[in-house]
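To start, the structure itself, in structure tokens.
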Amino acid sequence: MGSAPAQIPTSFGHELRACLRCSLVKTYDQFRESGCENCTFFKMDEDNERVVDCTTPNFNGIISVMDPTRSWAARWLRISRFVPGCYTLAVSEALPEDLQNLCEDERVQYVAPKR
């Protein structure tokens with residue numbers, strides 16, 4: 001993961017979505033145009049259907065993290081290795097199994113949400 005910050009959501013309305021793997025929050029259009037800065041291997045910017053598969057509008061709370069490596073909240077949320085940006089506090093859906101397998105193939109950790 002790079003240190004360049006993720007895009008900040010351009011709107012805080014109903015069009016917000018959260019990445020199911022890393023919890024990054026952006027608008028649907030932002031994911032469609034530039035993908036997820038933490039999960040580039042999903043290639044959301046190349047496949048619009050992938051945005052729907054890899055993100056969800058169902059999440060709770062938003063936190064803005066400017067320096068993930070020094071933030072106790074980022075460590076608590078397990079996002080301290082991700083790029084600076086806006087993240088959700090909790091995602092309520094799991095990543096589809098085929099995308100979980102992709103994470104495994106890419107040797108990238110995926111932690112399913114607690115039920």
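Computed from a prediction, not measured in an experiment: that's the story for all the values here. The figures that follow rest on heavy atoms only: side chains count, while hydrogens, waters and symmetry mates do not. For this chain, numbers begin at 1 and follow the sequence in order.
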Over all heavy atoms of both residues, which pair between G35 and D45 is shortest? Give the atoms and the distance, please.
-> N-CB, 3.6 Å

N/O donor to acceptor pairs below 3.5 angstrom from side-chain atoms of residues 46-58, sequence neighbours left out:
{"unit_1": "D47", "atom_1": "OD1", "unit_2": "E49", "atom_2": "N", "d": "3.1"}
{"unit_1": "R50", "atom_1": "NH1", "unit_2": "F42", "atom_2": "O", "d": "2.9"}
{"unit_1": "T55", "atom_1": "OG1", "unit_2": "R17", "atom_2": "NE", "d": "2.6"}
{"unit_1": "T55", "atom_1": "OG1", "unit_2": "R17", "atom_2": "NH2", "d": "3.4"}
{"unit_1": "T55", "atom_1": "OG1", "unit_2": "V51", "atom_2": "O", "d": "2.5"}
{"unit_1": "T56", "atom_1": "OG1", "unit_2": "N58", "atom_2": "N", "d": "3.0"}
{"unit_1": "T56", "atom_1": "OG1", "unit_2": "E93", "atom_2": "OE2", "d": "2.6"}
{"unit_1": "N58", "atom_1": "ND2", "unit_2": "E93", "atom_2": "OE2", "d": "2.6"}

Nearest heavy-atom approach of L20 to P96 is CD1-CD, 4.2 Å

E15 and D29, any side-chain heavy atoms less than 4.5 Å apart = no

Listed pairs under 3.5 Å, donor-acceptor, residues 101-111 side chains, sequence neighbours left out:
{"unit_1": "N101", "atom_1": "ND2", "unit_2": "E97", "atom_2": "O", "d": "3.4"}
{"unit_1": "Y110", "atom_1": "OH", "unit_2": "L95", "atom_2": "N", "d": "2.8"}

What are the two closest heavy atoms between P9 and C86, and how far apart are they?
-> CD-SG, 3.7 Å

Can you tell me how far the OG1 atom of T27 sits from the CG atom of L16, to the nearest 0.5 Å?
-> 7.0 Å

Grab the two heavy atoms, one from A94 and one from Q100, that are nearest each other, plus how far apart they are.
-> CB-NE2, 4.5 Å

Donor-acceptor pair, S80 side chain versus T69 backbone, under 3.5 Å?
-> no

d(Q7 CD, F31 CZ) to nearest 0.5 Å is 9.0 Å

Output yes when a side-chain donor or acceptor of T88 lies under 3.5 Å from a complementary backbone atom of N60, and no otherwise.
-> yes

Say you draw a straight line from CE of M44 to SG of C39; how long is it, rounded to the nearest 0.5 Å?
-> 6.0 Å

Reported CD1-to-CD1 distance for the pair I63 and I79, which is rounded to 0.5 angstrom | 6.0 Å

Rounded distance [0.5 Å steps], CZ in F82 versus SG in C19 | 8.0 Å

Side chain to side chain contact (heavy atoms under 4.5 Å, CB included) assessment of K26 paired with S34 | CA-CA 10 Å; K26 302 197 303 186; S34 62; 3.2 Å; yes

